[in-house]
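Below: one structure, written as structure tokens.
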Amino acid sequence: EFKEEPKAGAVRELREETGMETATDHLELISVSNDINGDAHFVTLGFMCHECSGEPLALEPDEITVWEWFPLDALPEHVFPPSLKIIKNYQDGAVYKH
């Protein structure tokens, strides 16, 4: 959102998409990715949430029908590509890779 701080946006998106709650001081930036696909340009920030409350709900059923948890070494075959980049950066200990 216009003039919104990144951590505040992450807190809002978490609430809007899952119904879960956290605070900005519980978030740690772990990944930045810069992707250009055709005419679209996305900069994605990935945050580690160290404390949150609530159970995840699928609040945007046109985009997500269910939330599931997986061990990082046993991810499903199809992972949303921006999420996969965040996970790979985290596993590699690199916030940003070219």
*Shared-cluster residues of Ile64, by chain and number - hydrophobic side chains joined below 4.5 Å*: Trp67
*Starting from Leu29, walk the hydrophobic network (Ile, Leu, Val, Met, Phe, Trp, Tyr; side-chain heavy atoms closer than 4.5 Å) and list everyone else you reach, by chain and number.*
Val11, Leu27, Val32, Val43, Leu45, Phe47, Val95, Tyr96
*Examine Ile86 and Phe80 and state if one hydrophobic cluster contains both, with Ile, Leu, Val, Met, Phe, Trp and Tyr joined whenever side-chain heavy atoms are less than 4.5 Å apart.*
no
*Is any side-chain heavy atom of Pro76 closer than 4.5 Å to a side-chain heavy atom of Phe70?*
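Pro76 vs Phe70: side chains touch.
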*Looking at side-chain heavy atoms only, is the closest gap between Asp92 and Lys97 below 4.5 Å?*
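The answer is yes, as the side chains (C-beta and beyond) meet within the 4.5 Å cut-off.
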*Determine whether more than 12 heavy atoms belonging to other residues, nucleotides or ligands lie under 6.0 Å from atom NZ of Lys7.*
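Enclosed.
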*asked:* Can you tell me if His78 has over 12 outside heavy atoms packed within less than 6.0 Å of its NE2?
replied: no
*Would you find a donor on one side and an acceptor on the other, under 3.5 Å apart, between the side chain of Glu4 and the backbone of Glu1?*
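Such a contact is found between Glu4 side chain and Glu1 backbone.
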Check side-chain contact (heavy atoms from CB on, under 4.5 Å) between [X] and all other residues, then give those that pass, not counting sequence neighbours.
X	result
Pro61	none
Ala23	Asp25, His26
Leu72	Ile87, Tyr90, Gln91

*Keeping to residues at least two apart or across chains, list the salt bridge (charged side-chain N to carboxylate O under 4.0 Å, His left out) pairs with something in residues 50-73.*
none
*asked:* On a heavy-atom basis, which atom in Ser31 and which in Asn89 lie closest, and how many Å separate them?
replied: OG-ND2, 2.9 Å
_Minimum heavy-atom separation for His41 and Ile36, please, with both atom names._
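In this case the closest contact between His41 and Ile36 is CD2-CG1, 3.6 Å.
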Going from [atom1] on [X] to [atom2] on [Y], what distance comes out if it is rounded to the nearest 0.5 angstrom?
X	Y	atom1	atom2	value
His50	Thr22	NE2	OG1	9.5 Å
Cys49	Met20	SG	CE	7.0 Å
Thr44	Asn34	OG1	CG	9.0 Å

